[in-house]
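Okay, structure first, notes after.
Residue numbers begin at 1 in each chain, while the letters A, B, ... track the order of the sequences.
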2 protein chains.
Amino acid sequence: MSAPARRARRHDPGRRDRLVDTALDVVAEQGVTAATHRAIARAADVPLGSLTYHFASLTELLAAAFTRHVDTVAERFDERMRAAPDRAAALQALAEHLTDDLLGSSRDLVLAVELYVAAARDPALREVTQDWMSRSRRSLERHLDPITAREVDALVEGLVLHSALSTDPMTAAQIHSALTRLAG
Amino acid sequence: MSAPARRARRHDPGRRDRLVDTALDVVAEQGVTAATHRAIARAADVPLGSLTYHFASLTELLAAAFTRHVDTVAERFDERMRAAPDRAAALQALAEHLTDDLLGSSRDLVLAVELYVAAARDPALREVTQDWMSRSRRSLERHLDPITAREVDALVEGLVLHSALSTDPMTAAQIHSALTRLAG
DNA sequence: CGGTCATAGGAACAACCGTACACAACGATT
DNA sequence: AATCGTTGTGTACGGTTGTTCCTATGACCG
């Protein structure tokens, strides 16, 4: 009998960080309702007690995970907006951001919807969505007036949800056409 | 000691219907994650076993509830579209439908988002959202070309989600302006 | 009027959950 | 080397869940 995958991992610095990443993976792969202490612990290969040691509650862990995700996506998007020289280029970049980053990778699409789900239920997570929406709008306002930015933001949100729930998602061309029609 | 709310309700025809309505109430008031067998049974004042007798699973009950709700909202909306004489009137009616029926009544707004949530998690419920989206689009196509109808549909979905999660929702005027800008 | 069967009722079960907590093991500081 | 405080671990608890199952009831039909 060989030892069953001995885990001799006392002193694991950066475990907290790794737990946040693993939590995000579990949410992306199995949905936020399946993201339990035990599921995350299993995925990260750490004992159950480790989660409550590093995070006061499950909500706190999920909030940290979603915050990290929103940070990276928002930063990536703002980079695109900063790089765009004018309004037309910004719309083009937005369309690319949507098709590449959101609709292209099913992971980011799933995470976006799961965040909606989690936020609808948990007030603590609603802060994260608020932050996400305001950052997204601020990025758009680099090239659009505030009113248009808000409308575009809503349209984008609808496109994401639409893509997640519909069987035949819109094509990149259709998305670009819709955006220019609204804000072109 | 008075009898503790005696329940002498043997033979209760239409109970199945009443359960569907009650389930919808529970979802609207406490969210879909709180819509458990026990919560619905308590709200309908029926024993727990009655739920599994009338519905093979909780999902089946929720699907019936959401289907009923979608039916009434879709019918109400199509009525508005049928009544509109031209495209401009249709957009106006759509804006009114949004502000009155969806954003005005918090109940319908909550139910819409809860349906998104439930559908994101449960494939069986995704059929209901598909049905909802296709009916909504068909109503729009009474006055809009298919492409525009689809874009408007996505925008509407985004506006709903936006209103549900944001702290300062858009006004009726802003909504109407966004719609005419996209489809006017 | 008696039998039958769909409906009503309530208790029980097994699975799972978040969290608490007591204890073990280590690093750093004396 | 002894101590102390931080970090890691495993188990247990109390509660909730969906679902099953057995029994009781009463409306309908012959």
Side-chain angles (χ1 to χ4, degrees), chain A residues 3-24 26-27 29-66 114 117-118 121-125, chain B residues 3-24 26-27 29-66 114 117-118 121-125:
Chain A
R6 251 279 161 263
R7 202 188 315 138
R9 201 184 311 103
R10 303 294 309 208
H11 188 58
D12 180 3
R15 170 177 289 192
R16 194 189 147 97
D17 260 6
R18 206 159 46 82
L19 285 179
V20 172
D21 286 335
T22 306
L24 215 49
V26 172
V27 169
E29 282 160 26
Q30 314 186 49
V32 74
T33 61
T36 67
H37 274 138
R38 287 169 175 81
I40 298 168
R42 207 178 312 125
D45 190 32
V46 300
L48 177 60
S50 187
L51 294 198
T52 54
Y53 175 73
H54 285 288
F55 301 91
S57 72
L58 184 60
T59 295
E60 189 179 306
L61 170 54
L62 290 179
F66 278 123
E114 292 294 336
V117 169
R121 195 174 35 192
D122 195 328
L125 293 173
Chain B
R6 251 278 163 264
R7 200 190 314 139
R9 199 186 312 102
R10 303 295 310 208
H11 188 58
D12 180 3
R15 171 177 289 194
R16 194 188 148 96
D17 260 6
R18 206 158 45 83
L19 285 179
V20 173
D21 286 335
T22 306
L24 214 50
V26 172
V27 169
E29 281 159 27
Q30 315 187 48
V32 74
T33 62
T36 67
H37 274 138
R38 284 169 177 81
I40 297 168
R42 207 177 312 127
D45 191 32
V46 302
L48 178 60
S50 187
L51 294 200
T52 53
Y53 174 75
H54 285 286
F55 302 91
S57 71
L58 184 58
T59 294
E60 190 177 297
L61 170 54
L62 290 179
F66 278 123
E114 292 295 336
V117 169
R121 196 174 35 194
D122 196 328
L125 293 174

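Using a 4.0 Å cut-off, some side-chain N or O of A:Tyr53 falls inside it from OP1 or OP2 of D:dT7. Remark: B:His54 is not in phosphate contact with C:dA6, judged by side-chain N or O atoms under 4.0 Å from OP1 or OP2.
Looking at every heavy atom in both residues, B:Leu24 comes nearest to B:Ala65 through CD1-O, 3.5 Å. Taking all atoms of both residues into account, the shortest heavy-atom contact from B:Leu48 to B:Ala41 is CA-CB, 4.1 Å.
In this structure, the CZ atom of B:Arg16 is 16 Å from the P atom of C:dA6, given to the nearest Å. Between B:Arg42 atom CZ and D:dT17 atom C1' there is a gap of 12 Å when expressed in whole angstrom units. Counting to the nearest Å, the C1' atom of C:dA8 and the CG atom of B:Asp45 are 13 Å from each other. Rounded to an integer number of Å, the gap from A:Leu51 CG to D:dT7 P is 16 Å. Atom CG in A:Leu19 sits about 14 Å away from atom P in D:dT7, given to the nearest Å. As rounded to whole Å, 16 Å separates atom P of D:dT7 from atom CZ of A:Arg18.
No donor-acceptor pair closer than 3.5 Å links the side chain of B:Arg121 to the backbone N or O of A:Gly31. In this structure, A:Thr52 contributes its side chain and A:Gly49 its backbone to a donor-acceptor pair below 3.5 Å.
Identified under the side-chain hydrogen bond (donor to acceptor under 3.5 Å, both in side chains) test for residues 54-66 of chain A, with sequence neighbours left out: A:Thr59-A:Asp122.
Once rounded to the nearest 0.5 Å, the distance linking CD1 of B:Ile40 with CG of B:Leu61 reads 4.5 Å.
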(message) I'd like to compare against my own output: the B/S/- annotation of nucleotides 18-30 of chain C with a strict under-4.0 Å heavy-atom distance to protein.
(response) BB----BBS----

